[in-house]
Amino acid sequence: MVEVTRTFAVATPPHDVQEYLADFANAREWDPGTVSCDPLGTGPIGVGSRWRNVSKIAGVETELTYELTRLEPGRVVFVGRNDTATSTDDIRLTPAAGPGTTITYHATIEFQGAAKLAAPLAKVVFEKVGSDTEKSLTRILGATA
């Protein structure tokens, strides 16, 4: 299992951050590994909404189906699955000391079968992805002063 956590502040208010992040299709903009992310279904976004996400990380392309499993004030959780991994993105939002939002982004990747052997190397790769994600979200949602 690989776990990566980042805590950082952005200038956008919590409600707007949550609305943006709840639509996982926006991962195309903020997740450095995402190649495409398309909704599976129509209608309003809520718990149970799903997306087909194709990512390319360290030269390896993979597809996961992500589902919004938790959406409540200050928290958004997505779980992505395929045959070799389960990825959970647990995002917590709190009002920052000044204007804006403090984001705590916690990603957990559990590998299945032979893919478990890649976990030690994956930790290094996903630490970089975590840092790049923080930079992307800060750029998109505004840096704090």
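- To the nearest 0.5 Å, atom CD1 of residue Ile91 and atom CG of residue Leu21 are 5.0 Å apart.
- Among Thr69, Leu71, Leu68, the one residue that satisfies the side-chain contact (heavy atoms from CB on, under 4.5 Å) test with Phe78 is Leu68.
- Contacts classified as salt bridge (Lys or Arg N to Asp or Glu O under 4.0 Å) and involving residues 91-102 (residues at least two apart or in different chains) are given here: Asp90-Arg92.
- Applying the side chain to side chain donor-acceptor pair (under 3.5 Å) test to Ser131 and every residue at least two apart in sequence or in another chain returns Arg6.
- Each ring pair (Phe, Tyr, Trp, His ring centres under 6.0 Å) pair with one or both residues in residues 58-77, not counting sequence neighbours, appears once here: Phe24-Tyr66.
- Across all non-hydrogen atoms, the minimal contact from Val76 to Ala22 is CG1-CA, 4.2 Å.
- Scanning for side chain to side chain donor-acceptor pair (under 3.5 Å) contacts around Thr7 gives Thr104, with sequence neighbours left out.
- Of all heavy-atom pairs between Pro95 and Pro14, the closest is CA-CG, 3.9 Å.
- There is a side-chain donor-acceptor pair under 3.5 Å between Asn82 and Thr62.
- For Phe8, the ring-ring contact (aromatic ring centres under 6.0 Å, His included) test picks out no residue, with sequence neighbours left out.
- Applying the side chain to side chain donor-acceptor pair (under 3.5 Å) rule to pairs touching residues 132-142 yields Lys128-Asp132, sequence neighbours excluded.
- The two residues Ser49 and Pro44 have their closest heavy-atom pair at OG-O, 3.8 Å.
- The distance from atom CG of Leu93 to atom CD1 of Ile103, rounded to the nearest 0.5 Å, is 6.0 Å.
- Under the 4.5 Å side-chain criterion, counting only non-hydrogen atoms from C-beta, Val79 is in contact with Thr86.
- Between Pro32 and Val129, the closest side-chain pair of non-hydrogen atoms falls below 4.5 Å.
- When every heavy atom of Ala25 is checked against every heavy atom of Trp51, the shortest pair comes out as N-NE1, 3.4 Å.
- How far CG of Leu64 is from CD1 of Ile109: 10.0 Å, rounded to the nearest 0.5 Å.
- Residues forming a salt bridge (Lys or Arg N to Asp or Glu O under 4.0 Å) with Asp38 (at least two apart in sequence, or on another chain): Arg28.
- Residue pairs that meet the salt bridge (Lys or Arg N to Asp or Glu O under 4.0 Å) test with at least one member in residues 45-55, sequence neighbours left out, are Arg52-Glu63.
- Applying the side chain to side chain donor-acceptor pair (under 3.5 Å) definition to pairs two or more places apart or across chains, those involving residues 11-21 are Tyr20-Glu29.
- Judged as a side chain to side chain donor-acceptor pair (under 3.5 Å), and not counting sequence neighbours, Thr88 has no contacts.
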List the steps, then state whether side chain to side chain contact (heavy atoms under 4.5 Å, CB included) holds for Thr65 with Arg81. CA-CA 5 Å; Thr65 299; Arg81 292 185 171 88; 5.8 Å; no
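- For Glu72, the side chain to side chain donor-acceptor pair (under 3.5 Å) test picks out Arg70, with sequence neighbours left out.
- A 4.5 Å side-chain heavy-atom check between Val2 and Thr108 finds every atom pair outside the cut-off.
- Closest heavy-atom contact between Ala27 and Asn53: CB-ND2, 4.4 Å.
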